[in-house]
Amino acid sequence: MALNGGTPTRWADEEDEETSPQQHQQPPADDDDDGPPPGFETTRPAASAGGADAAAEALAGVKVSEEPPVDDPDLSIRAETLVDDSPGEVKTVAADGASFYTSAKTFEELGLSQELLQGLYTEMKFERPSRIQAQTLPMILLPPFRSLIAQAHNGSGKTTCFTLGMLGRVDPQLQAPQALCVCPTRELVVQNQMVLERMGKFTGITCTSTAAADYATSRRTRINDQVVIGTHGKLRDWMQKRVLDVRNIRILVFDEADEMLKQDAFADDTVRMIKQLRQATPNIQILLFSATFNERVKRFAQKIVPDANQVFIPKEELSLDVIKQYRVLCPQGSDKVKVLKDMIFPLCEKLGQTIIFVRTRETARSLHAVMETEGHKCTSIEGGMDKQARDKVVREFREGTTKILISTDVLSRGFDVTQVTLVINFDVPVERDLRTPAFETYLHRIGRSGRFGRKGAAFNLVTGESERRVVDEIQAYFKHDIPEVPYDDEDKFVEVLRKAGLTEG
DNA sequence: AAAAAAT
């Protein structure tokens with residue numbers, strides 16, 4: 001592969017329109033093998049992570065004194081951090097150890113265009129930055145436009161951070177791709193494009209995506225849109241075919257970044273894409289956003305983007321308290337279906353919308369079939385379906401035409417439908433070995449409910465010893481109680497749902 | 001064995 005970095009490739013002859021006064025160092029090309037598997041475990045800690053654990057703990061109690069509009073628990077900042085005496089401000093020392101950032105109390109402080117501010121206020125109806133936005137937007141939008149690894153809770157406004165980041169950094173006069181956003185699923189691509197186009201409504205900035213039909217057929221068309229959003233397979237294809245010209249890309253975003261850096265095929269593509277873009281633009285700004293970064297992925301991210309500012313949340317504060325979580329012990333597998341039929345479906349009209357997560361595509365199909373034959377109306381989605389069918393199912397669910405959606409983990413991350421109040425884990429989330437709990441997946445799944453501080457509940461349907469242990473381990477990991485609800489007691493179900501705030505009476 | 005791509 002030409003990408004293998006034995007020699008530090010720097011195309012100094014390439015035009016460099018970067019306004020940043022600070023030339024970033026080329027990341028030390030230390031045995032920079034492709035992909036995570038070999039060099040992964042032996043990674044040295046990133047510079048800024050040295051002693052950061054202690055620092056993070058010391059700072060766990062730091063609060064921004066002014067209440068943000070979104071109820072977002074404490075963030076700890078994994079770069080060196082100090083707190084200014086003046087109220088309402090958090091000053092964060094940047095990864096270079098010299099400059100610092102002050103959290104933004106208003107959107108006005110961020111040097112945004114009038115058109116962009118108008119989009120925020122009139123189209124998005126935002127008033128002030130949420131907590132994660134206040135902290136990260138200055139890092140993203142103000143010189144020297146450093147890279148950023150940021151963790152924030154589900155439903156706390158991450159999308160706004162990177163969407164605004166992209167819009168804010170695009171030069172509206174330059175008709176060429178300048179911002180690139182990579183997502184793990186088609187559904188997220190569509191969703192992010194919708195958000196970006198709303199927010200940028202008055203800016204004239206154009207956006208296309210791999211889910212948009214225009215480019216899907218005509219391969220030779222060159223993309224002129226300033227923002228490009230896509231899944232990585234198709235993006236790589238576009239880059240190879242030179243449909244997508246990367247020479248002007250100044251900001252590269254990975255949504256659900258920990259997923260994109262996992263040791264699957266994703267990671268390889270992600271690392272390659274970063275290397276390729278760095279060759280074109282050495283000081284490209286890279287943003288890695290997710291609600292979850294386990295320790296391994298975190299270290300890998302720090303290696304891939306070593307000069308990044310970093311914002312992380314302690315594990316204990318990750319589990320969202322607003323989402324009430326329960327376990328339902330079902331003696332037989334068939335009792336899970338009974339719970340759906342007897343408890344969930346009859347109540348669904350009062351519940352808002354429900355997503356039922358299953359482990360395999362086959363279960364999604366068969367469970368859907370079973371419910372339909374019994375006269376229970378619902379839809380299902382899995383990655384094996386054709387694109388039009390997927391789009392249709394999602395569209396109907398967003399419109400509220402359908403109330404109950406059966407899904408594989410294709411929708412476990414990022415999918416944002418405000419009306420979802422209930423999540424059912426028909427199968428508890430497990431890793432590939434089918435025994436290890438998939439902690440991150442669990443958090444993302446239940447995070448489909450309780451968006452932006454609204455009510456939410458999650459039921460884990462449990463059959464057998466192995467599933468019970470998985471729930472126990474999830475409970476212990478997040479230090480969050482997952483009490484039992486009897487599978488055949490309708491009154492208890494109603495009571496629990498009422499307590500979770502989902503029904504009135 | 002979920003997911004992504006395209007032939």
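Quick note on labels: first sequence line is chain A, next is B, and so on, each numbered from 1. Both backbone and side-chain heavy atoms feed into the values below; hydrogens, waters and symmetry mates do not.
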Could I get the full list of side chain to side chain contact (heavy atoms under 4.5 Å, CB included) partners for Q191(A), not counting sequence neighbours?
->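 With neighbours one apart ignored, the set is L188(A), R398(A), F415(A), D416(A).
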
To the nearest Å, how far apart are [X] [atom1] and [N] [atom2]?
X: D269(A); N: dA6(B); atom1: CG; atom2: P; answer: 13 Å
X: W238(A); N: dA6(B); atom1: CH2; atom2: P; answer: 10 Å
X: E440(A); N: dA2(B); atom1: CD; atom2: P; answer: 19 Å
X: E382(A); N: dA3(B); atom1: CD; atom2: P; answer: 7 Å

At 4.0 Å (heavy atoms only), tell me whether [X] reaches a base, stays on the sugar-phosphate, or touches nothing.
X: E259(A); result: base
X: R445(A); result: nothing
X: R359(A); result: sugar-phosphate

Does [X] put a side-chain nitrogen or oxygen below 4.0 Å from OP1 or OP2 of [N]?
X: T408(A); N: dA3(B); answer: yes
X: R186(A); N: dA2(B); answer: no
X: K234(A); N: dA4(B); answer: no

NZ/NE/NH1/NH2 to OD/OE distance under 4.0 Å, R468(A) and D472(A) |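 Answer for the salt bridge query: yes.
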
Candidate nucleotides [options], ranked by approach to the side chain of [X] - the nearest:
X: D237(A); options: dA3(B), dA2(B), dA6(B); value: dA6(B)
X: F266(A); options: dA2(B), dA4(B), dA6(B); value: dA4(B)
X: H232(A); options: dA2(B), dA4(B), dA6(B); value: dA4(B)

Check for a donor-acceptor pair, side chain of R448(A) on one end and backbone N or O of S412(A) on the other, with a separation under 3.5 Å.
->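 Between the backbone of S412(A) and the side chain of R448(A) there is a qualifying donor-acceptor contact (under 3.5 Å).
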
Selection residues 262-297 of chain A - residue pairs positive for ring pair (Phe, Tyr, Trp, His ring centres under 6.0 Å), sequence neighbours left out |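 Every ring pair (Phe, Tyr, Trp, His ring centres under 6.0 Å) pair that includes a residue of residues 262-297 of chain A, provided the two are not neighbours, is F162(A)-F289(A), H232(A)-F266(A), F293(A)-F312(A).
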
